[in-house]
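Contents: one structure, followed by commentary.
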Amino acid sequence: MVHLNYMGLSFKDRVYRTTKKIPRGRVATYGQIARLAGNPHAARAVGLFMKTNPHAPIVPCHRVVALNGALTGYSAKGGIKKKKEMLIREGVKFRGDRADLKVSRWKAR
DNA sequence: AAACTGACTTCTC
DNA sequence: GGAGAAGCCAGTT
């Protein structure tokens with residue numbers, strides 16, 4: 001087996017918890033979150049969690065972007081566009097339509 | 001209830 | 001280094 005569930009939390013909860021820790025003005029990638037949560041290949045699942053996220057205001061899902069910095073989705077209204085504006089407003093640097101991960105990538109560990 | 005689909009990433013050739 | 005396949009979890013159909 002697999003390693004035990006962290007604090008009895010399901011993978012899903014770990015993802016949410018990790019996402020919540022993303023500081024303002026920073027962005028994280030799906031894969032990064034998945035990795036921190038324990039499943040390096042569950043990036044897709046992470047995206048799904050955001051999509052159906054039951055903690056909309058609690059989990060800053062707008063701070064989650066694709067590996068290349070592209071904003072691949074946003075369920076709330078305004079869509080990608082709005083998400084981008086929000087991030088910019090938080091201080092995240094953008095390079096065209098993609099977040100500048102070089103500068104704004106959340107470095108957790 | 002089973003199969004498909006999706007806000008993705010990593011590994012291999 | 002570009003292209004293809006595999007892998008992950010849960011919501012929808």
Side-chain angles (χ1 to χ4, degrees):
Chain A
M1 229 332 212
V2 284
H3 39 114
L4 307 170
N5 286 342
Y6 187 67
M7 295 201 290
L9 295 175
S10 63
F11 177 66
K12 182 161 86 168
D13 290 320
R14 276 178 281 164
V15 169
Y16 287 136
R17 180 168 280 236
T18 303
T19 307
K20 277 193 280 189
K21 290 197 297 189
I22 303 174
R24 178 175 163 294
R26 286 279 156 68
V27 293
T29 69
Y30 295 96
Q32 182 177 2
I33 292 174
R35 193 148 121 114
L36 291 174
N39 291 340
H41 282 246
R44 226 170 182 181
V46 174
L48 182 62
F49 296 150
M50 295 302 120
K51 176 180 175 186
T52 66
N53 91 71
H55 306 294
I58 307 170
V59 177
C61 46
H62 61 277
R63 293 183 189 148
V64 184
V65 300
L67 184 68
N68 61 340
L71 307 186
T72 49
Y74 194 52
S75 298
K77 65 183 196 170
I80 310 292
K81 235 176 182 175
K82 187 75 177 182
K83 181 171 171 181
K84 179 179 167 189
E85 302 258 339
M86 252 188 316
L87 291 175
I88 290 177
R89 195 162 137 188
E90 288 189 355
V92 177
K93 291 208 171 184
F94 268 75
R95 205 154 148 279
D97 293 339
R98 298 175 186 180
D100 191 344
L101 294 178
K102 284 185 171 190
V103 180
S104 306
R105 166 101 101 110
W106 174 45
K107 291 144 195 170
R109 240 168 295 201

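In what follows, chains carry the letters A, B, and so on, assigned in the order in which the sequence lines appear, proteins first and then strands, with residues in each chain numbered from 1. Keep in mind that this is a model prediction, so the values were computed, not measured. Just the heavy atoms: all of them, side chains too, but no hydrogens, waters or symmetry mates, feed the values below.
A distance of 9.5 Å separates CZ in Phe94(A) from CD in Glu85(A), rounded to the nearest 0.5 Å. Atom CD of Glu90(A) and atom OG of Ser104(A) lie 10.5 Å apart (nearest 0.5 Å). Taken to the nearest 0.5 Å, the NZ atom of Lys83(A) stands 11.5 Å off from the CZ atom of Arg63(A).
When each of His62(A), Arg26(A), Arg24(A), Lys93(A) is paired with Leu87(A), the side chain to side chain contact (heavy atoms under 4.5 Å, CB included) condition holds for His62(A) and for no other.
The nearest whole Å value for the distance from the CE atom in Met86(A) to the C1' atom in dA7(B) is 13 Å. Remark: P of dA7(B) and CZ of Arg63(A) are 22 Å apart, rounded to the nearest angstrom. Atom NZ of Lys83(A) is separated from atom P of dA7(B) by 12 Å (rounded to the nearest Å). As a whole-Å value, the separation of Lys51(A) NZ from dA7(B) P is 6 Å. Arg44(A) places its CZ atom 10 Å from the C1' atom of dT9(B), with the value rounded to the nearest Å. Going from atom CG of Leu36(A) over to atom P of dT9(B) covers 13 Å, rounded to whole Å.
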List every contact pair, protein side and nucleotides 10-13 of chain C side both N or O, where the distance is under 3.5 Å.
none

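Nucleic acid contact for Gly31(A): sugar-phosphate only, since backbone atoms but no base atoms lie under 4.0 Å from a heavy atom of the residue.
Nearer to the 5' terminus of DNA chain B, by closest-nucleotide assignment, is the contact made by Tyr30(A) (compared with the other of Arg35(A) and Tyr30(A)).
Atom C1' of dA1(B) sits at a distance of 15 Å from the matching atom of dA10(C), rounded to the whole Å. Spacing of P atoms, dC4(B) relative to dA6(C), comes out at 15 Å, to the nearest Å. Here, dT10(B) and dG1(C) have their C1' atoms 15 Å apart, quoted to the whole Å.
Remark: the backbone N or O of Leu67(A) is not paired with any side-chain donor or acceptor of Gln32(A) at under 3.5 angstrom. No side-chain donor-acceptor contact under 3.5 Å links Asn39(A) to the backbone of His41(A).
Met50(A) places a side-chain heavy atom less than 4.5 Å from the side chain of Tyr16(A).
Contact check, Asn39(A) against dC9(C): a side-chain N or O comes under 4.0 Å of OP1 or OP2.
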